[in-house]
2 protein chains.
Amino acid sequence: MKRTQKITIQDIARHANVSPGTVDRVIHDRGKVSPENEQKIKDAIEKLNYNPNLLARTLALGKHFTVCVFFPKSINSQDYWSLPEQGVQQAATGYKDFGFSVESFFYSLFDESSFEEQARKILQINPDGVVFAPLFEKESLMFIKELNERNIPYAFIDANIPDQNNITYIGPDTKRSGYMSGKLLHSLVGVDDDILVLNIVKGMENSTNLTRIEQGFMDYYAEKCAERKPKISSLIIHSTEEDIVFREITKFYIKNPNIKGVFVTNSRAHLIARYHLYHDLNIRVIGFDLVKENIEYLNNGRIDCLISQSPVQQGIKCVKTMFDLFIYNSKPQKIQSVPLDIIIKENIDFYMTFQLETN
Amino acid sequence: MKRTQKITIQDIARHANVSPGTVDRVIHDRGKVSPENEQKIKDAIEKLNYNPNLLARTLALGKHFTVCVFFPKSINSQDYWSLPEQGVQQAATGYKDFGFSVESFFYSLFDESSFEEQARKILQINPDGVVFAPLFEKESLMFIKELNERNIPYAFIDANIPDQNNITYIGPDTKRSGYMSGKLLHSLVGVDDDILVLNIVKGMENSTNLTRIEQGFMDYYAEKCAERKPKISSLIIHSTEEDIVFREITKFYIKNPNIKGVFVTNSRAHLIARYHLYHDLNIRVIGFDLVKENIEYLNNGRIDCLISQSPVQQGIKCVKTMFDLFIYNSKPQKIQSVPLDIIIKENIDFYMTFQLETN
DNA sequence: ATCAAATGTGTGTACCCACACATGCAGGAG
DNA sequence: CTCCTGCATGTGTGGGTACACACATTTGAT
């Protein structure tokens, strides 16, 4: 524990025979400096490898940034959406001395109007940045329009809407997770058996992601089973109501009796798992996300494998990205993928423990 | 971006009708304050929920901390031990403005004397903290003794030595990883087949961890297969030389022809995998760590499953722990477990990508 | 009892480093 | 001679720390 020997603006000033203020103006390119001095100062900065002290800078600037995060509501701490929120809070505590604060807002996954309502609230606060999960495409686009007009930087988390002005997308590489799903299902189901790619969606949901996931899935089979591919069907059910889903599934299974594996492109694998349980069907199922219902069916064997998309890390990363943007002024990459974890019966309990306790 | 409204030491001073200096002395318990004032100040701190500004504090103190990290050498970026190092570097960059710097030292896994030599170098630097992987037990204990005498706080990473004065251990919960291995092997090998727990160690290596891993493994079978357990043998080979290992294995397999699954308690699963490849034996293998050789055999199917112990996160965490200790003066938990990831053929390539590119 | 020294209690302020604004001081134009 | 412009310096701010100092009270010696 010694006194710091870091070089400061004063060191530069001494080296160039000018005052600290002049050095400051060179650094910030505010002009009003004679060419000779400017050169001398720049040389000294180069030579001494000067980097401004972030602490002193933020302290002097005394700025304050508010970032709103905007996720689906979670009912309890087991919920999928409580995990990114946990990551957000965790990261935020480490940044609060930098005058960086986070406010959370939540919308209901079953109610588009709650999204609009909370989005209005966020705009009223007029934050410096916004992180949100654009699960309702139409409403999100309206929100985006407003954010663009006000020049408020925003990041997408968990789901992406392409070709927007967002500073970054933080979430799974959707195509890759589809590809990985293909590989996994391939290991569970032979090439002579039929496969179903099942999209269970509510009307308004962001569909781009599902398309990309499905494409990745198809890519795998096209690449690895070029000569001998299983029959792959695709089905979209436009409801999450159990009776409607069950009716559609029944219709499909009657027409396609040889289905031995199902890939559910989102977190609703539990619906088909329940169907298999009722009818005692021996069909492999893989899906996404450790939501409570999925975990239940993973444990009793009706779901074979779930892919988890590092929800806590997503939360951490989005806060960190905003922090770096405001404090370091560093622009993030447009896409920041997170790890995809394979969860099977054998590691589910360990995985859950760690997601909640550590990180 | 507004001016901050955070409450400062001045606010407290005004509230308690004292000077900022007095508040400071109360906060730091330096005495020389009248009881009434002390109480008033404490009340005000409580009431206004005051938290000192970390930036201003570190700036004013102008302290500088050096932490030495001390790992096995890695030959290339694919190596296991390059991963914690990457985590260390990554975390360190974020803390450098706090006067917090990290110096890395490396020892050879095959040379105890290199450990001693580098340990001496570290002691010469006289750092404020040390993080190291105590893989050589005897040499580590000597190092520990010296650190204790000098009152230098130290943390263990990746491997633990119990009952020491270390501030924390960061790494896998060894018992749990054994338990998990049991669960995994159970899913691969029937209860009528025999199982081998294989310890391939060099003479000087830290043995406590292996014992605990094995114990966790046994616990699983004792718990879950109480009535009908496979025959589980345990074998220790005191060498990592291929010919010696092969000889010992041959001897063992001749006596125990019904072995169908092998659990290797450290990163040396590739040795037995190669043996199986040569002799074309259809025996399941699970082991630890994504070292290059292991990955090779995972890909060609001679290793069925590897457990990865979040190496990058381990590095990040140990730097963060030291930072929190010095800057926040916050004591860590004695044990900080990291997630255990299951790596199979299906997700190895994705896993590797993320370990290297993101985090 | 008296006075100096030691102790207890509290205040004032320079400093950490970067930043921003106000000010000073040339020289040339009007 | 003033006014402006270009260049450079000086100073106050931000939050907290640490040291120097001021003042009051107690202790001890004479």
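All values below come from the heavy atoms of this structure, side chains included, with hydrogens, waters and symmetry mates left out. Only a predicted model underlies this, so the values are computations on that prediction, with no experimental measurement involved.
Counting any heavy atom pair closer than 4.0 Å across all strands shown, B:D97 reaches no nucleic acid atom. Counting non-hydrogen atoms under 4.0 angstrom, B:N53 reaches the backbone sugars and phosphates but no base. Counting any heavy atom pair closer than 4.0 Å across all strands shown, A:I9 reaches sugar-phosphate atoms only and no base atom.
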Atom pairs, N/O to N/O, protein against nucleotides 7-9 of chain D, distance under 3.5 Å?
residue, atom, partner, partner atom, Å
D:dA8, OP1, A:S34, OG, 2.2
D:dA8, OP1, A:N37, ND2, 2.6
D:dA8, OP2, A:S34, N, 2.1
D:dA8, OP2, A:S34, OG, 3.1
D:dT9, OP2, A:S19, N, 3.0
D:dT9, OP2, A:S19, OG, 3.3
D:dT9, OP2, A:T22, OG1, 2.9
D:dT9, O4, A:R25, NH2, 3.3

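Remark: side-chain polar atoms of A:Q336 are not paired, donor with acceptor, to backbone N or O of A:K317 under 3.5 angstrom. In this structure, the side chain of A:D158 does not engage the main chain of A:A133 through any donor-acceptor pair within 3.5 Å. Of the possible polar contacts, one joining the A:S310 side chain to the A:P339 backbone as a donor-acceptor pair under 3.5 Å is found.
Between the C1' atom of C:dC19 and the NZ atom of A:K63 lies a distance of 10 Å, rounded to the nearest Å. Rounded to a whole Å, the NE2 atom of B:H64 is 12 Å from the P atom of C:dC17. Rounded to whole Å, atom C1' of C:dA18 lies 14 Å from atom CZ of A:F98. To the nearest angstrom, P of D:dG15 lies 14 Å from CG of B:L48. In this structure, the CD1 atom of B:I41 is 14 Å from the P atom of D:dG16, given to the nearest Å. Atom P of nucleotide D:dG14 and atom CG of B:D11 are separated by 11 Å, given to the nearest angstrom. Atom CD1 in B:I327 sits roughly 16 Å away from atom P in D:dG16 (whole-Å rounding). In this structure, CG of B:D24 is placed 11 Å from P of D:dC19, rounded to the nearest angstrom.
Nearest nucleotide to the side chain of B:A56, out of C:dC17, D:dT17, D:dG15: D:dG15. Proximity note for B:L61 (side chain, C-beta onward) versus D:dA18, C:dC17, D:dG15: the nearest is D:dA18.
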What side-chain donor-acceptor pairs closer than 3.5 Å can you find for residues 42-50 of chain B, not counting sequence neighbours?
residue, atom, partner, partner atom, Å
B:K42, NZ, B:E38, OE2, 3.1
B:D43, OD1, B:Q39, NE2, 3.1

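Using cut-offs of 30° and 60° for the angle between ring planes, the B:Y95 and B:F100 rings count as perpendicular.
Tested against A:F156, the residues A:Y169, A:F71, A:F132 include a single ring pair (Phe, Tyr, Trp, His ring centres under 6.0 Å) partner, A:F132.
No more than 12 heavy-atom neighbours from other residues, nucleotides or ligands sit within 6.0 angstrom of CD on A:Q333.
Phosphate proximity of C:dC17 to A:Y50: absent, as no side-chain N or O sits under 4.0 Å from OP1 or OP2.
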